[in-house]
Trainee: 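My questions all concern the structure below.
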Amino acid sequence: TSVRATGSYLAIARPLPSGTALTAEDLATVQLAGGQGLTPVPADRIDEVLGKRATVALVPGTLLTMAQLTDAPLLAPGQQQVALGLKPTQVPARRLQPGDPLLLVSTPRSGETQTTATRFEATVIDSDAPDRGNVVVYVALAARDVPAVVALAAENRIAVVLTTAG
């Protein structure tokens, strides 16, 4: 439905990177009059959007539309999601953001020297610190890389590097 009369609608309250799950604190209610052709989410439908992920970066002050949200995992074709349990010292930033590009690098076994490292490109889907001892980073990576990354992670032989996009 498009906006035809004055009403209360949801707008973005703070910057949200792509992949962020929406919370009530991320949203503001605004009054809008007119705006034929716009399809913002009415404020009384807030429960329908909480917990959904942004499919694009959302900018404060913009109206929220359902087209900007998804329930689906943010994976590209040919990708799979892997959860990596890491020590805080293994994470390159206090809080990795959805969409951050990563390089996962194999490390040598204890007591061994490694002359070459295997590298895997990944993208952060989400991260969490459920307790003080671990950080869980959820990453998307090519399906062909999943078995090797899972094996390296099980042996605690993976380093995480935050890179720049491109």
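All residue numbers in this chain count up from 1 along the given sequence. Because only heavy atoms are used, hydrogens play no part in the values below, and waters and symmetry mates are left out as well, while side chains stay in.
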Trainee: How would you list all residue pairs meeting salt bridge (charged side-chain N to carboxylate O under 4.0 Å, His left out) that involve residues 76-89, not counting sequence neighbours?
Mentor: none

Trainee: Answer whether the closest heavy-atom distance between the side chains of D100 and T123 falls below 4.5 Å.
Mentor: no

Trainee: Quick one: are P40 and L32 in side-chain contact, heavy atoms under 4.5 Å?
Mentor: yes

Trainee: Quick check: closest heavy atoms across L152 and S106, and the distance to 0.1 Å?
Mentor: CD1-CB, 3.7 Å

Trainee: Determine whether V59 and I12 fall in the same hydrophobic cluster, where Ile, Leu, Val, Met, Phe, Trp and Tyr are linked whenever their side-chain heavy atoms lie under 4.5 Å apart.
Mentor: no

Trainee: Could you report the tightest heavy-atom contact between N156 and T107, atom names first, then the distance?
Mentor: O-OG1, 4.3 Å

Trainee: Taking the side chain as C-beta and beyond, is there a heavy-atom pair between L69 and L64 under 4.5 Å?
Mentor: yes

Trainee: Taking all non-hydrogen atoms of both residues into account, name the closest pair between P15 and P17 and its distance.
Mentor: O-CD, 4.1 Å

Trainee: Who pairs with E155 by salt bridge (Lys or Arg N to Asp or Glu O under 4.0 Å), at least two apart in sequence or on another chain?
Mentor: R109, R157

Trainee: By salt bridge (Lys or Arg N to Asp or Glu O under 4.0 Å), which residues pair with D145, not counting sequence neighbours?
Mentor: none

Trainee: Would you say I158 and V149 make side-chain contact, with heavy atoms under 4.5 Å?
Mentor: yes

Trainee: In the structure I gave you, are the side-chain heavy atoms of L58 and Q68 within less than 4.5 Å of one another anywhere?
Mentor: yes

Trainee: For V161, what are the other residues in its hydrophobic cluster, where any two members join if their side-chain heavy atoms are less than 4.5 angstrom apart?
Mentor: L103, V105

Trainee: Can you list every salt bridge (charged side-chain N to carboxylate O under 4.0 Å, His left out) pair that touches residues 57-78, not counting sequence neighbours?
Mentor: K52-D71

Trainee: Please find the pair of heavy atoms, one from R45 and one from V41, that lie closest to each other, and give the distance.
Mentor: CB-CG1, 4.0 Å

Trainee: Side chains of L141 and V82, heavy atoms from C-beta outward: is any pair under 4.5 Å?
Mentor: yes

Trainee: Will you find, in the side chains of Q31 and T6, an N or O donor that is under 3.5 Å from an N or O acceptor?
Mentor: no

Trainee: With sequence neighbours excluded, give me every salt bridge (charged side-chain N to carboxylate O under 4.0 Å, His left out) pair touching residues 10-19.
Mentor: R14-D26

Trainee: I'd like to check F120 versus L102 (side-chain heavy atoms, cut-off strictly below 4.5 Å). Are they in contact?
Mentor: no

Trainee: Testing the basics here: between A24 and L50, what is the closest heavy-atom pair and its distance to 0.1 Å?
Mentor: N-CD2, 3.4 Å

Trainee: Do L38 and L63 have side chains that get closer than 4.5 Å, going by heavy atoms?
Mentor: yes

Trainee: Can you give me the closest heavy-atom contact between E25 and A13, atom names plus distance?
Mentor: O-CB, 3.9 Å

